[in-house]
Every structure is written in C-alpha cells, then in structure tokens.
Amino acid sequence: MSDTTKNSAERKEADRLQSGGLLSVLKRRPEAGSFLVMLVAVIVISFASNGNAFNPLGLKNNFTVISQFGIIATGACLLMIAGDFDLSIGSMIGFAGMSMAMMLKWGLPFGLGAATPFTAFLLTLVMTLAIGWLIGTIVVRSKLSSFIVSLAFLFFLRGVTEVSFRLINQSTQISGLQDFKETSWFAAMFGGQALGWFYDTWFALGGNINRAGNQWVTGFDARFLWWVGLSLVAYIVLSRTQAGNWIFATGDNSESARANGVPVDKVRISLFMFTAFCATLFAACQVFDTNTADAAKGNLKELEAIAIAVVGGTLMTGGFGSVIGIVFGAITFGLVANAVFFIPSIDGSYYRVFVGVVLLTAVFLNESVRKRITGGL
Amino acid sequence: MSDTTKNSAERKEADRLQSGGLLSVLKRRPEAGSFLVMLVAVIVISFASNGNAFNPLGLKNNFTVISQFGIIATGACLLMIAGDFDLSIGSMIGFAGMSMAMMLKWGLPFGLGAATPFTAFLLTLVMTLAIGWLIGTIVVRSKLSSFIVSLAFLFFLRGVTEVSFRLINQSTQISGLQDFKETSWFAAMFGGQALGWFYDTWFALGGNINRAGNQWVTGFDARFLWWVGLSLVAYIVLSRTQAGNWIFATGDNSESARANGVPVDKVRISLFMFTAFCATLFAACQVFDTNTADAAKGNLKELEAIAIAVVGGTLMTGGFGSVIGIVFGAITFGLVANAVFFIPSIDGSYYRVFVGVVLLTAVFLNESVRKRITGGL
Amino acid sequence: ERYVMITHTQGTDPFWPVVEKGGRDAAEDIGVEFEYNFAPSGDMSDMARLIESAAATQPDGLIVSLPDADALGGAIRAAAESGIPVITINSGLESSKSVGALMHIGQPEKLAGFAAGERAMAEGGTKALCLNQEAYNTALVDRCQGYFDATGQELNMIDVSNDVSQIKTRTAAALQADPEIDSLLAVGPHVCEAAAAAVKEVGAQIHLACFDMTPGVINLIKDGDVAYTIDQQQYLQGYMPVAVLHLYNTNAGMMPGSNIPSGPGFVDASNAAAVEVQAGVTR
Amino acid sequence: MAEPLIRTQGLTKKFGPFTALNGIDLEVYKGEVLALLGDNGAGKSTLIKILSGVHQPTAGKIFVEGAEMKFASPRDASNAGIGTVYQDLAINPLMSVTRNFFMGRELYRGVAPFGLLDMTKMDEIAHAEMVKIGIDVSDPRQAVGTMSGGQRQTLAIARAIYFGAKVLILDEPTSALGQKQQMGVLKTMMRVRARGDIAIIFITHNEIHSQLVADRYTFLALGEVIGGGAKADLEHDEIRRLMAGGSDIGDLAKELQDIQAE
Amino acid sequence: MAEPLIRTQGLTKKFGPFTALNGIDLEVYKGEVLALLGDNGAGKSTLIKILSGVHQPTAGKIFVEGAEMKFASPRDASNAGIGTVYQDLAINPLMSVTRNFFMGRELYRGVAPFGLLDMTKMDEIAHAEMVKIGIDVSDPRQAVGTMSGGQRQTLAIARAIYFGAKVLILDEPTSALGQKQQMGVLKTMMRVRARGDIAIIFITHNEIHSQLVADRYTFLALGEVIGGGAKADLEHDEIRRLMAGGSDIGDLAKELQDIQAE
Ligand SMILES: Nc1ncnc2c1ncn2[C@@H]1O[C@H](COP(=O)(O)OP(=O)(O)OP(=O)(O)O)[C@@H](O)[C@H]1O
Ligand SMILES: Nc1ncnc2c1ncn2[C@@H]1O[C@H](COP(=O)(O)OP(=O)(O)OP(=O)(O)O)[C@@H](O)[C@H]1O
Ligand SMILES: O[C@@H]1[C@H](O)[C@H](O)CO[C@H]1O
Ligand SMILES: [Mg+2]
Ligand SMILES: [Mg+2]
C-alpha cells in the first residue's frame with residue numbers, strides 16, 4: 001500500500017519562519033541586552049543620587065572612570081571576538097606605569113640620559129608591544145590556550161614590576177614627580193583635559209558654578225577623548241573593514257578561516273599587541289595625570305575588562321561581539337564602580353556585590369539576544 | 001593506459017606507526033611533564049636551601065603549603081576535566097572562613113544558639129554546597145560559559161563576605177575566639193596535627209631536635225592527611241569508576257556524552273559542588289588552626305588553583321587530566337611559594353616571577369606529552 | 001648571625017621598603033646577615049606559613065609584624081619555643097607578649113588612628129570620612145576605627161580601590177553625596193595624594209589627614225593641602241629589632257626594659273621641610 | 001499489520017520562530033528497515049533527536065509498543081530500547097575506544113555511579129565488537145581522536161548495535177565511510193534485520209543504499225511527511241523525486257553528458 | 001599529454017611517529033576530473049591539505065605548471081590557483097553567508113587590511129552564486145549556523161567555485177548532501193570541467209558519483225598510491241576493489257540477500 005503523497009511544491013522554506021515586528025528587529029541588535037542594563041543603571045543612579053552623579057563634576061568623573069574601563073575593555077573585546085583572552089592586561093598596566101614613571105624619575109635605560117614624557121612613553125610602548133607580541137606568538141606557535149599563557153604573564157609581569165620597583169627604586173611607589181602636563185603638550189595629551197568648550201558653554205548658560213561662585217569644572221579628562229577615538233576606530237575596523245571580517249572569522253572557526261586564506265596568526269598576534277597598547281594608554285593617562293605610579297596599579301583590571309566585554313555582549317567563545325555594546329558595558333560598569341558613591345547610604349563594600357549582580361544579569365540578557373540572532377548556536 | 005597496481009595486501013595499518021622503547025612509554029604518561037618540573041624544583045630547592053627546606057620543620061611546613069594548594073587544585077582539576085572553570089574558589093574560601101568564624105563568635109543564625117565547631121562547619125558546608133549547586137545550575141541551565149558565571153560569583157561572594165564582616169562583625173577580622181582544637185576533636189580534625197608517629201620516630205632516632213634540646217616538631221598539619229585522602233579518593237573516582245568516565249566524557253564532548261546517556265548536567269553541577277567542598281575544607285583547616293578569619297582570606301586562590309591544575313597536566317579545554325599530575329603540580333607550587341625563604345637572596349616579590357616561569361615551562365612540557373598521547377588533538 | 005624579618009604586605013605597599021631598609025642598614029652597620037620577606041597574597045594564614053618556613057631555616061632571630069595575633073600566634077609561639085628569639089614590630093603591641101615575643105617595637109594602628117582623629121577634632125573637624133584602599137585589610141580598617149573612636153562618631157569608611165583615578169573620583173563623589181563632611185582620613189600615601197586632588201575639584205574646605213609619607217605628600221603638606229600625616233617612623237621598626245637581637249644574642253640576653261614606641265609622630269607644616277629628603281627612604 | 005514498535009502522532013518541533021517539524025506521523029515495525037529520506041534541512045535529524053530524547057517535542061506524542069512515552073533525556077530513550085548513531089555527535093575524541101564504547105553504560109562493580117570499572121572486560125568486548133563490523137583496533141585504549149573519520153563512525157555503529165535493543169536509529173551512518181566500511185555497515189544492518197525482532201530507522205542521502213536495505217520508505221520535506229510506502233510499491237523515479245523534496249529530477253547521467261557536450 | 005597542472009613527487013607526511021602519506025606521486029591535467037579514491041584513513045584528506053597549504057609535507061615536492069612551489073599557508077596555495085572545499089573545515093557558523101563567502105578575499109576600497117568592505121556588492125554576489133548552484137538564501141546576512149549541514153556544504157562549494165582558479169579540490173563534497181544538491185554539485189563540476197581550463201580533484205566514497213564525473217582515477221591505500229588510470233581502462237569491479245584499499249569485494253546485493261535468507 002502506497003500512502004497518498006501530498007504535493008508540497010507550493011510550500012517554501014520561508015513559510016517555516018514566523019516573522020516579527022519592529023520591536024523584534026531592535027531586540028535582535030547584538031547591543032540590545034547591554035543597552036537595557038545600562039538604561040537601568042543610569043536611571044537608578046540618577047534618582048538615588050539626587051542627580052548629583054550627573055552634575056558637572058559628577059559627569060566628568062564618571063566619564064573618567066568609564067573611559068578607563070572602556071579603553072581596556074575595547075582591547076579585551078576585540079581579542080575575545082578573535083577567540084583569545086588576555087589575563088595579563090592588569091599586570092601590563094602596572095608594568096607600563098612603572099616603566100614610564102621610573103624613566104621619568106631615573107632617566108632612560110642604557111645611559112640614554114634623562115627622559116621626556118615622549119621618550120618615556122615611546123620606549124615603554126615599544127616594550128609593551130613587544131611583550132604583547134611575545135604573548136601572541138607563544139599562544140599561536142604553541143597552540144596553548146591563551147588563558148593559560150596570559151595567566152603566566154599575569155604573574156610574571158606583576159612580579160617583574162614589583163622586583164624592578166624594589167631593586168631600582170627601593171620603593172614600591174613613585175611620587176613627587178614634576179607635573180609634566182603643565183610643561184609638555186605630549187603629557188597633557190594623556191593627563192590633561194579636553195573638550196573644555198562643553199563646560200565653558202555650560203557655565204555661560206548659567207550652570208557649572210562651584211561653591212565659591214566661579215566656573216567649577218573646566219573640561220573632561222583627556223582620556224575621555226582617547227576612549228571615544230579608540231571606540232570609533234575599533235567600531236569601524238570591526239564592522240566595516242577586511243581586518244574586522246578576519247577578526248570575526250578567526251574567533252568563529254580559526255581552522256576554516258586559515259584554510260580560506262585569513263592570516264589567522266597575524267590577526268591574533270596583532271590583537272595581543274592591541275590589548276598591550278590599550279593597557280599602555282590606560283597607564284599613560286594615569287601617570288601623566290597624577291605623576292605617580294605604584295606596584296599595585298592595574299591589579300585585577302583584566303577581570304574587569306573581560307567582565308565589561310561580556311556585559312557588552314561579547315561571546316566568551318569568540319566570533320561574536322560589538323564595540324557599541326562595549327560602550328554601553330563600560331558606562332554601566334563605570335557607573336556601578338563610581339556613581340554608587342554618590343548614594344550616601346551605600347558604602348563601598350557593596351561594590352563587588354553590585355558588580356556580580358550586574359554581570360550575571362547582563363550576561364543572561366545578552367545570551368537571549370544572541371540566541372535570537374544566531375539561531376541558538 | 002592503466003598504471004601498474006601494486007598489491008598492498010601485505011601492508012598493515014600498524015606498519016605506519018613507529019614504535020618506541022620503555023622511555024617513550026614513560027614519556028607518554030600524562031604526568032610525565034609535571035613530574036619533570038617537580039623534580040627540578042625539588043633538586044634546586046634542596047641545594048639552594050642547604051637542606052633546610054627538608055629539615056623537620058621545613059618538611060612539615062612545606063607539606064602544609066602543598067596540601068593547601070593540593071586541596072583546591074584537586075577540585076579545580078576535576079571541574080576542568082569536565083570542561084568547566086570555577087573562578088569563585090578564592091572568594092568561596094573567604095566566604096566559608098567568614099561564615100565559620102562568625103558563627104563561632106556570634107552564634108548560629110536564626111537564633112539557633114551558640115555554635116560548636118561541628119555545627120558551624122556543617123551549616124557553612126550546607127551554604128557553600130548550595131552556592132556551588134547554584135553556580136552549577138546557572139551554568140548548566142543558561143548554557144553560559146562557566147568562566148563568566150563564576151567570575152560574577154568571584155565578585156559577588158567577596159562582596160558579600162566584606163559586607164557581612166562590616167555589618168555583623170563591625171570589623172573585617174575576627175579574633176579572640178577560643179582555641180577550639182584543644183577542646184573539640186572535630187576542630188582538631190581540621191586544625192590539629194596528624195601523623196605524630198612520624199616525627200616521634202624521627203626524634204627517637206636522634207633527629208628532630210630543637211635548639212632547646214627537646215623534640216622539635218610533633219606532627220604534620222592535619223590538612224596534610226586531608227589532602228592525601230582527597231587525592232586518593234579523587235584518583236580512584238576519576239580513573240577507575242563510572243563517575244570518572246562520565247567526568248571525562250562530559251569535558252571531552254558533552255553533546256555526545258549526553259546523547260549516550262551520561263547525566264551531563266548532574267556531573268557538572270556535582271563538580272561545582274565539589275570545588276565548593278574543597279574550598280570549605282581549605283577554610284576549615286585554616287579557621288580551626290588559627291581561630292581567626294579575615295575578609296582577604298583566599299584572595300586570588302582561584303588563579304593559583306587553575307595554574308596548578310594546568311601545571312599538573314589538566315587540559316584547559318577539558319577531557320584530559322590526572323590527579324597524580326595535580327599532586328606533582330601542588331608539590332611544585334608549594335615549593336616555589338616557599339622557595340623565596342629557603343633561597344636567601346630573593347624575597348616575596350620574586351614569587352610571581354617564578355610562578356609565571358614555572359607555569360609556562362610546565363605547560364609546554366605537558367602539551368608535548370599530551371600530543372604524543374592523543375595524536376595531536 | 002642571621003636575622004629574618006617577615007611582614008604583612010602584598011608587596012605593593014610603599015611603607016615596607018622603608019622598614020626593610022632600616023633592617024638592612026642595621027645589619028650592615030652591625031655586620032650580620034639579614035633577610036626580608038612577605039606573603040604576596042596578603043592572607044594571614046599564608047603569612048603564618050611563611051613564619052614557619054623562616055623558623056625552619058633556623059635563624060638567630062625573627063622579626064615579625066603582628067596584625068593578627070590569632071592567625072600568626074601559633075607559628076610565632078612555636079618558633080619562640082624552639083629557641084628562636086622573636087621581636088614583634090609595627091602592629092600587635094597588645095599581643096606581643098602572649099605570642100612569646102621578647103618585646104614589641106612599633107605603634108598600634110588603632111592608637112595611631114586615634115591620635116590622628118584627636119588632632120583633627122582639635123583643628124575643627126566635625127563630620128569625618130575615612131578613605132580606605134583595601135577595605136579587607138584589617139590594619140587599615142583599624143586606623144579608620146581609631147580615628148572615629150577619637151571623634152566619637154560611627155565608623156564611616158568607603159573603599160576607594162587602589163586605582164589612583166578611582167580614588168579621586170570616588171572621593172569626589174562621596175564628598176558631594178554628603179556636603180557636611182569636613183574632615184578626611186586617607187590611610188595610605190597614594191590615597192592622600194588623590195584625595196587632595198578630589199578636595200580641590202569639589203571646591204570644599206576639608207581637613208585632610210593622612211598616613212605615611214611620600215615626596216608627593218610632603219609637597220601637599222608644604223602647600224597646606226594636607227594638615228598632617230602620621231609618621232610611624234617605621235625605619236626604627238626595621239633598625240631597632242636587628243640591633244636589639246644582636247645585643248640579646250651576643251651580650252648574654254641584654255634587653256631594653258620595655259617596648260619601644262616608634263610613633264606616632266606627626267609630620268606637618270612645621271617639620272615637613274626637614275623630613276622631605278627622607279620621605280619614602282628612611283621615613 | 002501488528003502493533004508498530006514505534007509510532008509518532010503529530011510530532012511538532014519549533015526552534016524559536018522556526019518550525020523544524022510540523023505534525024509528523026511515523027510508524028516503524030519489528031524486523032523492518034524504514035528508510036527516512038528527504039532533502040537537506042527537511043528535519044530528519046531533528047525527528048530522530050526527538051525519538052532519542054535529545055530534543056523534547058513542542059507538540060505531539062510518541063508511542064513505544066502502543067504505550068505513550070515521554071523522553072526527558074537520551075537515557076530515557078535508551079532505557080525504552082532506542083539505540084542511536086548520530087550524524088554529528090557521536091564521539092569523544094580524547095577518550096579511549098573502550099571508554100567511548102561504554103560511555104554512559106559502563107560495566108562496573110559496586111554502587112553507581114562510584115562503582116569500580118571492569119576495564120579488562122570492557123576492553124575485550126569493545127575490541128571484539130569492533131572486529132565484528134570490520135575494524136581491528138590494535139589497542140582499545142588508544143584515543144579515538146587518533147582514528148580517521150570513518151573509523152569513528154564505525155565505532156559509534158558498533159556501540160549502538162551492541163547496546164541497541166528494539167529500535168536502532170542510524171543517521172547517515174555511511175556518508176563518511178569508505179566502500180569497504182559502507183558495505184560492512186549495510187551487512188550489519190541486514191544481520192540485525194534478520195533477527196526479526198529489531199526495527200531499524202535508516203537515514204541516508206544515498207539512493208542505492210536505501211534501495212539495498214529498506215523495506216519501507218518515509219519521505220520528509222520542509223518539516224512534513226510528503227509521502228511513503230513499501231519498497232515494492234514505489235518506482236525508482238518516484239523515490240528520487242520524493243528524496244529531493246518533491247521536485248522532479250531528470251536523468252542525471254544524461255544531463256551531465258549534455259553539459260559536457262555544450 | 002601536456003604538462004600537468006599539478007604534479008607531486010614523493011610527497012610524504014608524518015604526524016609524529018605516524019606515517020600518513022608515504023611517497024605520493026600524482027598528476028592532474030587541465031580540464032579533467034581526477035577522482036582520488038581510497039578507504040577511510042588512506043590519506044586523501046591529508047594529501048589535499050598539503051596541496052592546499054594547510055599542512056607542510058615532511059618530504060617531497062609540488063609542481064604547479066612545471067614550476068616547483070612551496071606553500072607556507074593556504075593563502076600561498078590560493079594565490080597559486082588552488083581552490084579547496086574541505087571535508088571538515090569549511091564554515092564559520094556565527095558569521096553571515098556573505099562574510100563566509102568572502103572570508104579572506106573580501107572586496108574592499110582602501111588599504112589592506114583596513115579597507116572598507118563593499119557589503120552591498122558582496123551580498124549581491126554571494127546571493128547570486130548560491131542561486132547558481134541551487135540554494136536561494138533569503139537573507140545573505142543571516143548566520144550560517146542557522147543553515148542545515150547540506151546548505152553549509154553548498155555554500156563552501158559555491159565559494160570555491162567562484163574563487164577557484166586553476167585547480168578545484170573537493171573533499172567529499174556530496175557526502176552530506178541531499179539528492180537534489182548532490183546533483184547540483186555534480187552538474188556544477190561538469191560545468192566547470194566543460195570550460196576546459198580548470199582541473200578538478202574529486203574525493204568521494206560514492207562509487208556512482210565518481211563514475212559519473214571522473215576522467216581519471218588515483219587510488220590511495222594506507223598512505224600510498226596503489227593504482228590508477230583512465231576511466232575507460234578500469235573495470236567497474238576493479239574500481240571497487242581499489243577503492244576499498246585492494247581487498248576484494250563481492251556482489252553486495254547478493255551478499256545482502258544471502259544474509260536475509262539465512
Ligand atoms: N538546535 C536548532 N536550533 C535552530 N534550528 C535548528 C536546530 N536544529 C536544526 N535546526 C533547523 O531545523 C531544520 C531541520 O534540520 P535537520 O538537521 O533536522 O535537517 P536534516 O533533514 O537532518 O538535514 P541534513 O540532511 O542536512 O542532515 C534546518 O533548517 C535546521 O537549520
Ligand atoms: N593532524 C593529524 N595528526 C595525526 N594524525 C593524523 C592527522 N591528520 C590525519 N591523521 C591520520 O592520518 C591518516 C590519514 O588521514 P586522512 O584524514 O588523510 O584520511 P582520509 O583518506 O581522508 O580518510 P576519510 O575517508 O575517512 O576522510 C589517518 O590515520 C589519520 O588518523
Ligand atoms: O603600618 C603599616 C603600614 O602603614 C602599611 O601601609 C599597612 O600595614 C600597616 O600595618
Ligand atoms: Mg541531518
Ligand atoms: Mg578525509
């Protein structure tokens with residue numbers, strides 16, 4: 001007995017898919033989850049702080065912290081999209097800060113004479129990029145997990161920083177350097193201020209007045225501009241260029257990418273160098289702002305950077321993520337790390353509790369968004 | 001034109017494989033790499049310390065440190081073999097220590113009256129196992145990476161510990177507890193001494209004498225015995241039982257394991273509970289030994305635990321590892337942590353430098369061993 | 001002769017290299033061997049293990065800081081009982097005897113905080129806030145606690161983190177959250193420098209007291225931005241115990257008749273210039 | 001005909017907004033080979049994953065020997081007598097042949113799950129069963145990852161056969177295999193069939209293979225059953241048309257010839 | 001015959017102690033389809049990975065149009081005109097169809113690698129090329145992971161064909177495909193062959209497919225070439241024997257019948 005055979009010629013593959021409205025399109029942006037979390041953070045903190053968190057100084061300071069987080073999270077994010085981790089970011093910040101401050105205090109190595117902010121930065125950058133290259137090369141050549149290689153460098157670089165401080169400097173801290181940003185445009189580029197017009201306008205409009213009745217805040221921290229620039233560049237590179245396609249391809253399935261001619265090794269090594277660059281930028285902004293450095297600088301920043309990248313919607317296993325998401329993630333984290341101090345009834349020990357909660361919430365939201373986009377991969 | 005067709009009937013698959021001698025068999029044990037690294041560490045430290053590292057007190061002390069590392073690394077190792085990570089181990093140690101000490105000082109919660117070492121331990125264990133269960137359940141249900149879920153708990157648990165200390169105890173440290181191990185056999189089981197006969201014999205044989213002419217050391221720390229026991233159980237479970245096969249199967253390819261009837265979710269959740277157990281054991285040994293706890297307890301221990309597991313030959317991506325390797329890894333790490341002592345010209349700041357170097361070296365060795373065993377997977 | 005010093009630090013606190021230098025200078029002056037060490041995790045149990053390993057190397061004397069007598073007591077007592085003379089330094093005055101040490105050289109943290117608080121009140125402070133960079137570090141919490149004991153207020157402390165930028169922004173945030181705050185205690189020198197910057201930014205009139213010294217802190221004192229900093233004269237905490245142990249071992253148990261209080265000393269506008277060159281080196 | 005061994009009624013599976021299966025009715029009888037055929041993405045793998053307890057259906061029922069069953073896990077399905085060789089999730093590469101073979105169904109002495117494994121016996125069985133279907137692994141303790149794609153597939157089949165009770169489901173078991181092993185598998189299927197008490201569901205894109213062993217056919221397209229019937233009742237061309245989801249397919253050899261000629 | 005497009009001489013590949021290939025001599029000519037056949041584990045994939053620059057040979061030489069070449073990377077091979085569809089490493093599931101299609105060979109304006117992508121054009125081409133070989137993806141920006149196994153394979157083939165210059169290597173391109181798509185691929189192969197300037201190396205375990213399209217055969221077994229020749233010169237049974245690594249294979253249909261009868 002042969003069953004009746006239905007004619008299926010009219011049915012199409014597309015019939016199997018339910019389609020949704022505009023909201024469902026918006027919900028399918030990779031940044032949807034991180035945007036929502038940020039929105040909640042901004043609203044809660046605005047109310048709880050009586051708006052103080054966004055007064056002239058609050059705004060500036062929040063953006064300082066946000067920018068710091070954003071700078072390293074951008075590095076971590078791109079690297080994670082390519083499928084790798086860098087646990088050495090924090091130690092790299094410590095190392096870079098130590099190196100710059102030490103050169104400014106004790107002069108350049110190899111008897112090259114006194115250091116200027118420019119030479120100290122340059123030489124430090126050469127070293128950190130070289131270390132980034134080394135980490136990347138070891139990861140790529142050995143085929144070891146980058147988690148473990150960079151964990152080794154987390155320990156190693158922090159150790160080297162401490163040992164150098166103690167041997168060369170006889171102290172674990174450098175302070176009392178001259179205020180380079182007053183005399184060097186190069187130092188001011190990192191440690192100075194930017195976008196003064198914003199605050200001047202605010203003052204002209206009758207706001208931004210301090211307790212003494214003068215203009216209160218005169219500009220954002222320079223690192224705000226660095227962060228904006230870095231994010232912009234990263235955004236374009238990632239989503240619109242060939243390099244961006246290579247980064248996604250490497251993280252998604254590196255064997256397939258390699259087989260199709262993507263220079264996978266170069267991509268990965270470059271990204272380790274990029275995180276080293278971000279760490280150096282982070283350190284430079286701090287050193288030229290405060291004219292100090294200490295051996296604890298950057299401690300645990302790697303975990304925060306990874307956390308922000310994930311809050312921003314980057315997939316832990318690579319191949320998926322967005323720079324816009326990182327911007328939202330950095331804002332959320334920056335607010336949680338800083339703006340909660342505008343709320344009198346909460347003390348700082350709650351900080352880590354909040355971080356844990358935000359992290360988990362954001363990650364859940366992101367995951368459901370991602371599933372919708374990638375069909376549950 | 002048809003080419004001549006060679007007759008290949010005589011050739012066998014086995015002909016394609018070169019075989020090696022005894023040495024190459026030994027080199028193919030998964031522990032070969034970690035054993036070698038340990039050997040180097042033992043030899044270097046024996047010489048550099050003039051044997052002090054292995055005099056009666058040195059031996060006891062080294063084994064205390066080694067046991068601590070070993071206890072948490074065993075948990076980390078089994079979990080990693082099953083393909084997961086737990087970054088919350090350190091915070092869990094802090095939480096468990098806080099909980100036990102706080103109960104001993106302020107009594108049991110919910111007005112249950114004063115605590116004994118037994119009830120404090122039990123109630124704490126119930127809580128930590130519940131948290132382990134929660135972490136595992138979130139990981140399993142949400143399909144999120146365990147790295148990120150446990151990172152959230154790293155922050156969250158440390159925060160909760162700090163907040164509890166400050167709210168309930170008004171201080172980040174608990175002190176002034178009685179010495180429970182003197183009065184409670186249960187406390188002595190964790191905080192007391194063990195294997196006294198070993199040192200008694202040594203004394204009877206004319207060694208183990210202190211400057212005052214009396215018997216110097218009277219026993220190993222109890223945690224030495226816990227470590228040996230834990231390692232033994234873990235070894236048997238992992239390599240000889242059904243549960244062990246499930247752990248390997250889960251880490252190697254969990255989809256395939258699930259499809260073949262391995263209760264993958266239960267395995268993973270159980271292992272998160274097992275690391276929570278190890279962390280609690282770690283904390284109990286310290287609390288009942290010193291009768292204190294502070295909010296910094298266990299700080300960063302998770303990274304060390306993972307590092308040891310990797311030095312011991314556990315594969316970061318799961319499916320491969322050995323408890324014997326962890327024993328070697330813990331010995332190496334314990335010796336390195338203490339080496340700064342036995343080698344006069346270096347101090348604690350070198351610790352991290354060494355850890356980085358050992359980690360990288362061991363991981364390279366292990367990798368080449370693993371490739372030999374698994375055919376380069 | 002060989003003396004070993006072990007202190008509580010994660011290796012990043014600039015306070016301790018000065019103590020270490022004190023010990024080294026003394027050892028060189030006297031002609032003995034000196035070793036310094038610390039447990040990088042900052043965990044007290046790890047420090048106890050370290051004391052034990054030090055005892056295993058059978059030194060002629062141990063110098064130990066004592067922030068947690070319960071955690072460290074066992075190891076120290078065992079060392080003392082095995083015949084190694086021990087001197088405790090820095091914190092731990094109250095428990096020095098009970099852990100079997102010969103004597104104590106230093107200053108209890110609470111007491112130092114108390115002294116700072118008394119003077120702040122005398123100089124017109126009314127509502128205070130303590131800035132702590134390691135909220136889980138008991139020694140630092142004790143300073144805050146002492147300060148508030150002196151002012152008679154409830155402890156009000158925030159965790160400013162170790163990140164110099166965040167120290168500044170968090171301090172500024174807290175000052176704006178509660179405009180009544182008019183006195184600050186910063187329990188570390190880098191916190192002190194960042195807090196001074198925050199105070200300037202907020203534009204408030206604030207009495208700022210600090211702990212320990214760096215060139216940056218001295219400059220702030222000279223400029224009038226910082227009222228004073230508590231100087232424990234920690235160089236003494238390193239130098240004296242080596243000298244005392246040497247005499248104890250070579251002169252038939254010779255010992256001072258009492259503990260040596262190394263501080264608290266105040267560095268303020270009156271003496272800042274004088275100690276400037278020594279800041280961070282021997283003070 | 002007698003009571004079907006397995007019967008499904010209106011099985012539907014949605015992945016979010018996507019309907020992978022839409023009301024599937026299927027019957028499999030003792031001792032027969034049912035070929036489950038259909039184009040890529042038709043839903044064949046999804047269907048057998050539901051039968052094996054890997055996915056839960058969105059709607060619909062499964063009956064085993066007349067009794068309704070719910071499979072919450074692969075274990076449930078396995079206990080109900082359904083043994084499966086998956087197309088894409090068969091093997092754990094880092095584990096040994098033996099450990100793979102007995103994965104989830106280890107032989108042990110003592111209390112589960114902490115019973116001690118009987119490795120010697122398991123090694124023996126694994127080796128013997130592999131030999132039966134044509135592969136002689138020199139060392140059953142070697143990692144499966146060192147074996148080629150085809151050898152791995154063979155292991156999975158040997159395992160399913162060894163443990164496969166009433167129904168054996170094979171999802172494209174021959175697609176990655178060499179000629180010799182393809183035949184080995186087909187032969188083994190026929191041997192199992194010859195026992196008369198086991199039903200086999202066989203998914204393949206190879207028309208020849210399906211004709212060599214199948215007794216009955218069911219055709220899927222776009223998540224629905226579009227036809228079926230006994231081998232005797234179906235024309236060769238009709239089979240090819242239905243395998244391709246209902247589109248007509250001409251004479252391939254001729255078409256290829258034509259391309260060459262152009 | 002003319003100069004071979006690709007010629008290898010004594011290619012040997014060892015993975016540690018294991019000899020995967022042992023002295024392979026191979027020749028491929030313009031406009032022909034060479035079927036590379038052999039049992040599982042014979043070394044077919046390893047051989048083509050060497051030709052594609054994924055692996056480097058332990059010994060031996062590769063000549064492209066008479067000139068010796070060394071491929072340090074897949075890029076080198078691709079630049080030398082070798083386009084490959086891999087058996088196991090074809091696709092990036094999280095990326096869109098278009099991004100997969102152009103992976104490593106993106107269209108951009110500006111300086112490499114930071115040139116801006118021309119997404120519109122790439123979307124168009126990807127869509128058009130997929131349609132050509134029989135798949136109409138509704139949205140070329142959808143993630144490939146949402147496609148079925150067969151659809152993915154098809155994408156990889158379309159891509160290789162689009163970029164495939166002088167030599168096209170297909171490693172079991174049809175093994176996961178449905179009937180319709182299998183035919184699509186075979187047809188496309190014939191179309192490419194008809195151009196006359198491209199050589200195709202075709203690996204398959206499907207005897208029928210190899211007979212439908214191949215001009216010449218090369219047989220591998222245990223890492224060595226055990227035979228070969230033009231289609232005209234090889235008997236059907238001889239092909240089956242050699243595909244199976246040299247063991248004799250009887251009449252399958254009959255054997256299967258016998259099992260049933262037993
Ligand atoms: N987990 C999942 N999430 C979302 N969609 C899925 C999932 N699994 C399968 N699909 C979709 O369901 C449809 C049917 O897939 P299935 O794998 O069952 O097809 P198939 O008939 O086995 O095809 P093939 O012959 O290529 O193996 C496909 O379109 C596939 O993309
Ligand atoms: N990277 C590698 N490391 C070690 N051994 C390998 C590696 N790649 C392949 N082999 C081994 O080399 C041999 C040939 O493998 P290959 O994949 O080339 O076979 P094949 O002819 O393509 O088989 P199939 O038809 O199953 O695809 C196999 O025994 C395989 O296990
Ligand atoms: O007194 C010391 C130092 O001031 C240091 O900053 C922290 O530990 C304290 O005990
Ligand atoms: Mg399928
Ligand atoms: Mg192959």
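Naming: A, B, ... by sequence-line order, numbering from 1 per chain.
Highest contact tally toward chain B, considering only A:Val310, A:Leu360, A:Leu144, A:Val357, is held by A:Leu144 [criterion: heavy-atom pairs under 4.5 Å].
With a 4.5 angstrom heavy-atom cutoff, A:Ser145 touches chain B only via side-chain atoms.
Rounded to the nearest 0.5 Å, atoms CG (B:Leu303) and CG (A:Leu87) are 7.0 Å apart.
Proximity to chain B among residues 148-167 of chain A is limited to A:Ile148, A:Val149, A:Leu151, A:Ala152, A:Phe153, A:Leu154, A:Phe155, A:Phe156, A:Arg158, A:Gly159, A:Val160, A:Glu162, A:Val163, A:Arg166, A:Leu167, judged by heavy-atom separations below 4.5 angstrom.
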